[in-house]
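Input: a single structure, listed below in structure tokens.
Every value quoted in this text rests on a predicted model; they were computed, and no experiment measured them.
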Amino acid sequence: MAQNVILGEYKEQYSLLHRYAQEILRSNPENTVKFKLDNNVFERIYICFAAIKKGFLAGCRAFFGIDGCFLKGPYGGQLLVAVGRDGNNQMFPIAWACVETESTETWSWFLQLLADDLDTTDGSGYTIMSDQQKGLLKVVSDIWPRADTRVCARHVYCNFRQVYGGGLLYRRGFWKIAKSTTENDYKTNMQLFSSISEIAAEDLKKRNYKKWVRAYFTPQSQCDSIDNNMNEVFNAYILSSRHKPIITMLEDIKEGLMERLHKKRDFIAKKEILICPRIQQRLEKSKIDARGWSAFWDGHFSYGVREGATLVRYVVSLLERTCSCNAWQLSGVPCNHAIAAIWKAVEHPEHYVASCFAKDTYLKAYQYPLEPLNGPQQWPESPYAPIVAPVVKKLNNRPTVKRKPSVGEVEGFKLTKKGQVHKCSNCGGEGHNKRKCHIPLRETPLVVPSQASQTLATPKQKQKQPPKPKPVVPSSQQTHTAAPMHTRGIGVYTYPNGYQRQAVPVLGDTHIICQSVVNFQMYLTQSTQVWVGFWKLIIGLEKNGSSAGTTG
């Protein structure tokens with residue numbers, strides 16, 4: 001009965017999908033909603049909103065990544081998504097689809113509809129990033145034959161690590177190879193990797209390295225990314241919605257993007273900047289790296305850039321906006337060599353950043369609002385029969401909710417202390433802490449008056465002791481004068497002239513011995529000398545006065 005109650009809402013929302021699609025088209029006829037049914041049983045749905053599509057074409061680079069994630073509901077399925085990058089190098093979702101499985105057929109269906117929305121037949125000018133799923137590159141080459149394709153380097157490394165392990169030398173060597181911007185750098189880093197393991201280096205060369213090494217990327221997309229992190233960011237963005245019924249999930253995605261569009265637009269519109277903040281941060285880092293590089297002008301538009309007095313040199317052309325290190329062409333942001341040449345020309349590096357990172361271009365991507373939708377009570381009627389929910393995928397064991405981490409992924413943030421040497425805070429020795437130290441714990445040098453009787457008591461031996469009765473002094477012996485300051489008890493006292501005194505109890509004695517500080521002793525010594533000199537002067541005056549017949 002409980003399962004029927006839970007599944008009831010999921011089934012009901014499948015039957016409302018036609019009316020939901022009619023509402024999307026009512027809000028904007030340019031929106032795209034496509035179904036694929038099998039005898040009226042749900043299989044797939046594709047959604048692309050016109051506001052997002054126009055914003056991508058107007059203000060984003062022709063670069064996007066494709067990936068899929070699992071849905072957590074009782075009917076399962078996967079969500080395929082295409083995510084681009086805006087001018088601030090942040091995610092910009094373009095289109096998404098709910099499909100039964102992630103396969104060659106479903107990817108072909110999704111990419112064909114995406115090509116129709118982006119008004120391209122061969123993918124000319126586009127760059128597509130994907131993971132290493134079998135058959136996906138073939139699908140992209142069939143539907144987008146003229147598009148450049150890349151493979152996520154992180155997925156390549158995970159597959160490589162499963163065979164050869166994840167040693168520190170392997171990891172550092174791999175990412176140096178992936179981030180090589182020229183073929184010579186790639187060959188040099190590959191030779192260094194071969195010195196670690198020739199077998200591993202040969203295996204790495206067989207992993208289609210031209211798809212994940214920067215040196216072999218084309219500069220048409222002005223994006224030097226070697227991973228598919230934007231899709232992972234989107235998957236985490238919708239994580240709380242993937243277990244909900246289908247219409248609720250789709251509405252959560254749409255409403256989240258509707259809020260995101262105007263917040264991102266207002267955030268950048270209020271800033272008085274030329275380029276986007278993240279690009280400015282990258283440019284500032286290149287400015288720091290440009291220190292120590294000298295530029296030499298040829299009299300036209302080219303510069304030779306040299307690192308100090310070494311033989312490391314690069315050629316920069318400000319007219320063509322190129323550098324022989326290939327980093328400027330790939331990213332669209334001047335590298336440290338180009339900045340040295342720009343400074344030589346007495347110009348600002350911000351003026352040489354690609355226009356796709358400018359503030360005006362960024363605002364074009366977010367200028368189209370995403371229309372809100374009515375609730376189910378206001379949806380128009382559909383002439384089609386209600387869609388039937390797919391068959392429930394019943395699992396034998398308890399369904400897994402927690403995502404399975406990939407190889408080498410850090411699961412927690414708590415660092416282990418294994419391998420570290422413990423240091424005792426009591427004696428300063430290594431190999432133990434103060435609880436297991438054989439030296440008695442150090443006591444506090446200064447004793448508070450109220451705790452004087454508990455000086456030798458350990459934390460386990462501390463007990464409340466009744467206060468000691470004060471001795472009764474006969475009234476005949478009582479005086480009205482106050483006791484001297486050096487006999488007023490235990491503690492630290494400060495005299496009006498700034499000197500301090502510390503009084504401590506002596507164990508085994510009933511009397512309290514006051515111990516003055518060095519400054520106070522010097523004060524007493526100096527005072528005695530002053531008084532002696534004073535009385536000598538008085539005696540001399542009296543003698544002189546008596547001889548002269550005057551009174552003292």
Is the number of heavy atoms from other residues, nucleotides or ligands under 6.0 Å of Phe267 CZ greater than 12?
no

Which pair of heavy atoms, one from Val312 and one from Trp293, lies closest together, and at what distance?
CG1-CH2, 3.8 Å

Cation-pi, Phe70 ring and Arg242 (6.0 angstrom, 45 degrees)
no

NZ/NE/NH1/NH2 to OD/OE distance under 4.0 Å, Glu30 and Lys54:
yes

Can you check whether Tyr314's main-chain N or O pairs, donor with acceptor, with Ser324's side chain at less than 3.5 Å?
no

Would the distance check show the side chain of Asp67 and the main-chain N or O of Asn231 forming a donor-acceptor pair, the cut-off being under 3.5 Å?
no

Of Tyr14, Phe35, Tyr75, the one forming a ring pair (Phe, Tyr, Trp, His ring centres under 6.0 Å) with Phe42 is Tyr14

Name each donor-acceptor pair under 3.5 Å that joins a side chain in residues 337-347 to protein atoms two or more places apart or in another chain, with its distance.
residue : atom : partner : partner atom : Å
Glu347  : OE1  : Tyr352  : OH           : 2.7
Glu347  : OE2  : Tyr352  : OH           : 3.3

Return yes if some donor-acceptor pair links the side-chain N/O of Ser331 with the main-chain N/O of Val333 below 3.5 Å, else return no.
yes

Among all residues two or more places apart in sequence or in another chain, which pass the ring pair (Phe, Tyr, Trp, His ring centres under 6.0 Å) test with Trp144?
Phe64, Tyr126

Shortest non-hydrogen contact from Ala95 toward Tyr46
CB-OH, 3.6 Å

Among all residues two or more places apart in sequence or in another chain, which pass the side chain to side chain contact (heavy atoms under 4.5 Å, CB included) test with Lys254?
Phe49, Glu251, Met258, Leu370, Leu373

Would Arg282 and Asp224 pass as an ion pair if we require N to O under 4.0 Å?
yes

Taking Thr188 for the side chain and Asn184 for the main chain, is one N or O donor matched with an acceptor at less than 3.5 Å?
yes

The criterion is side-chain hydrogen bond (donor to acceptor under 3.5 Å, both in side chains); which residues satisfy it with Ser241, sequence neighbours excluded?
Asp252

With a cut-off of 6.0 Å (strictly less than), are more than 12 heavy atoms of other residues, nucleotides or ligands near CZ of Arg207?
yes

Please report the C-alpha distance between Met230 and Phe234 in whole Å, then the side-chain angles of each, then the deciding distance to 0.1 Å, and finally whether the side-chain contact (heavy atoms from CB on, under 4.5 Å) criterion is met.
CA-CA 6 Å; Met230 287 298 113; Phe234 180 79; over 6 Å; no

Any pair counted as salt bridge (charged side-chain N to carboxylate O under 4.0 Å, His left out), so long as it reaches residues 350-361, sequence neighbours left out:
Lys287-Glu350

So does Glu105 pair up with Arg44, basic N to acidic O under 4.0 Å?
yes

Please indicate whether Asp119 has more than 12 foreign heavy atoms, meaning atoms of other residues, nucleotides or ligands, lying under 6.0 Å from its CG.
no

Residue pairs meeting side chain to side chain donor-acceptor pair (under 3.5 Å), one or both in residues 78-95, sequence neighbours left out, come to Arg61-Asn89, Arg85-Ser225, Asp86-Tyr366, Asn88-Gln90, Gln90-Lys264

Exceeds 12 heavy-atom contacts within 6.0 angstrom, atom NE2 of His348
no

Above 12 or not: heavy atoms from other molecules or residues under 6.0 Å from NE2 of His300?
no

Evaluate Ile47 against Thr32 for side-chain contact (heavy atoms from CB on, under 4.5 Å), listing each step before the verdict.
CA-CA 6 Å; Ile47 296 178; Thr32 304; over 6 Å; no

Examine distances only and state if a side-chain atom of Asn189 and a backbone atom of Lys176 form a donor-acceptor pair shorter than 3.5 Å.
yes

Short side-chain to backbone donor-acceptor contact, Trp379 and Asn374, under 3.5 Å
yes

Can a donor-acceptor pair be found, under 3.5 Å and without considering hydrogens, that links the side chain of Thr361 to the backbone of Phe357?
no

Given Phe193, which of Phe174, Tyr170, Tyr186, Tyr209 fulfils the ring pair (Phe, Tyr, Trp, His ring centres under 6.0 Å) condition?
Tyr170

Is the count of non-hydrogen atoms from other residues, nucleotides or ligands lying under 6.0 Å from Lys36 atom NZ greater than 12?
yes

Considering only NZ, NE, NH1 and NH2 on the basic side and carboxylate oxygens on the acidic side, decide whether Lys285 and Asp289 come within less than 4.0 Å.
yes

Around atom CD of Glu272, are there more than 12 heavy atoms from other residues, nucleotides or ligands closer than 6.0 Å?
no

